[in-house]
S.K.: 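One structure, pasted below without further comment.
Computation of the quantities below employed the complete heavy-atom set of this structure, encompassing side-chain atoms and omitting hydrogens, waters and symmetry-equivalent molecules. All figures in this text were calculated on a predicted structure; none of them were measured in a lab.
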Amino acid sequence: MNPSQFHALFVQIGLMLAVAWLFGYLMKKLAQPVVLGEIIGGILLGSTLLGAVCPDVYATLFPADKTINTSMEALLKVGMLFFMFAAGLEVNLVHFRKSKWLITSTSLLGGVLPFALGFGMVLLFPTLWGQTDHPLLLALFMGTALSISALPVIARILMEMNLIGSRVGMTIMTSAMINDLVGWFLFAYILRNLGRENMGGNVFTTLVLVLTYTALILAIGRWLVRPIMNNSRLFQDWPGGLLTFVSLLIMLAAVGAEQIGIHAIFGAFLAGMALSQGHDPVQEKTINSMIQPFALNFFAPLYFVSVGLKANFSSQLDVTLCVLVFLVACFGKILGAGLGARFGGMHWRDALAVGVGLNARGAIEIILASVALEYHLIDQRIFVALVLMAFLTTLLSSAVLKYLIK
């Protein structure tokens, strides 16, 4: 890169952080998740608004330079790894033992019903989704996209409402963990099979690889990494060494995931999950305090602003598709998780609160959609529909949950 390219890259990073901070602050004042403000900032800074109103200014700030774009993409990919590691740290299934039937029924119905509806709407309305070489994989992806929840966003909403330790809060969190875990398994399977003409012949191989890699990462985390990290002599007087060590683990897990044909973010997610399953709250708090501030306040804002920059939300807006995706997503998740919580023994109002809480898609949904767009599994229209669905379901969950709990 020459000096002018470096200059352009740094200007872009500065602008993206500026709009992320400004609109994130406004969302926080409105008691909404910060990630929504970051996406709005990206939409306003991108081709949707700035590119339409002042095309010359937009072309100057975001030139069509392959070197600059590649450098930015590399930075965003590294940031995504740290963000997904932070999301993996939220997955601790210890709480499952406390309310097995309630959480099982909630996560099962809250995952199966939206998955079935998402899978079915692709097969029932094939012309709505445009030309695709992989209709079955697209149907699997839409089912997966509608079945997951946004664990980091949900955790933030519950913390702000002081519900994280309540029965409703723990049911939402643990069910979201299980749904997201199954969702990432399915997504890893989809990515591994993407580009293969004969999907059926690879089902067993793919499942074995994904499950084996998951078991390997979790076993290494428990039997090798955690004993090393518990050795106070290594990191007691060198806290920066712990950050370096964890960063190395993230990169190794990401490389391994890419090596077996799935996306690196799955490896980073598993690395976070592997370090969250222990029983040392002090150590977990230390890792959180070192990784999360930078992952959530530097990398994440850049990534979610870039989501708004990626697509033109006016020219690529398909109203019919957006409405269908939003309604099916809300109906499937709220009804499925709500019925599951009711069958698990909750009163209707609390069960509905669980369904509404799990309906928030937020950041994880957007990452899923971004990777699918990168792999050309979906087009810009579907990407815009999924981003808007994630945005609106998060707004809806935050507002309605406060009303139901009140």
S.K.: Quick one: side-chain hydrogen bond (donor to acceptor under 3.5 Å, both in side chains) partners of Ser4, sequence neighbours excluded?
M.R.: Asn2
S.K.: Does any non-hydrogen side-chain atom of Lys333 lie less than 4.5 Å from one of Asn179?
M.R.: yes
S.K.: Under 3.5 Å, side-chain donor or acceptor atoms of residues 293-307 against the rest of the protein: list the pairs with distances, not counting sequence neighbours.
M.R.:
| residue | atom | partner | partner atom | Å |
| --- | --- | --- | --- | --- |
| Asn297 | ND2 | Pro293 | O | 2.8 |
| Tyr303 | OH | Ser370 | OG | 3.1 |
| Ser306 | OG | Tyr303 | O | 2.4 |

S.K.: Show me, pair by pair, the donor-acceptor contacts under 3.5 angstrom made by side chains of residues 316-325, not counting sequence neighbours?
M.R.:
| residue | atom | partner | partner atom | Å |
| --- | --- | --- | --- | --- |
| Asp318 | OD1 | Thr320 | N | 3.3 |
| Asp318 | OD1 | Leu321 | N | 3.2 |
| Asp318 | OD2 | Arg381 | NH1 | 2.8 |

S.K.: Between Thr174 (side chain) and Thr171 (backbone), is there a donor-acceptor pair under 3.5 Å?
M.R.: no
S.K.: Does anything in residues 315-354 form a ring-ring contact (aromatic ring centres under 6.0 Å, His included)? List the pairs, not counting sequence neighbours.
M.R.: none
S.K.: How would you list all residue pairs meeting ring-ring contact (aromatic ring centres under 6.0 Å, His included) that involve residues 349-371, not counting sequence neighbours?
M.R.: none
S.K.: Just to verify, what does Leu252 make a side chain to side chain contact (heavy atoms under 4.5 Å, CB included) with, not counting sequence neighbours?
M.R.: Leu248
S.K.: Please list every donor-acceptor pair under 3.5 Å in which a side-chain atom of residues 66-85 meets a protein atom from a residue at least two apart or in another chain.
M.R.:
| residue | atom | partner | partner atom | Å |
| --- | --- | --- | --- | --- |
| Asn69 | ND2 | Asp65 | O | 3.2 |
| Thr70 | OG1 | Lys66 | O | 2.7 |
| Ser71 | OG | Thr67 | O | 2.9 |
| Lys77 | NZ | Glu374 | OE1 | 3.1 |
| Lys77 | NZ | Glu374 | OE2 | 3.0 |

S.K.: Which residues pass the ring-ring contact (aromatic ring centres under 6.0 Å, His included) test with Phe383, not counting sequence neighbours?
M.R.: none
S.K.: Please identify each residue that fulfils side chain to side chain contact (heavy atoms under 4.5 Å, CB included) with Val400, with sequence neighbours left out.
M.R.: Val356, Leu396, Leu404
S.K.: Do Leu146 and Met121 make a side-chain contact, defined as non-hydrogen atoms from C-beta onward lying under 4.5 Å apart?
M.R.: yes
S.K.: Tell me, please, which residues at least two apart from Phe141 pass ring-ring contact (aromatic ring centres under 6.0 Å, His included).
M.R.: Phe187
S.K.: Name every donor-acceptor pair, under 3.5 Å, that has one atom in a side chain of residues 40-59 and the other anywhere in the protein, sequence neighbours excluded.
M.R.:
| residue | atom | partner | partner atom | Å |
| --- | --- | --- | --- | --- |
| Thr48 | OG1 | Ala311 | O | 3.4 |
| Thr48 | OG1 | Phe313 | N | 2.8 |

S.K.: Going by side-chain hydrogen bond (donor to acceptor under 3.5 Å, both in side chains), name the residues that satisfy it together with Ser314, two or more places apart in sequence or in a different chain.
M.R.: Asn312
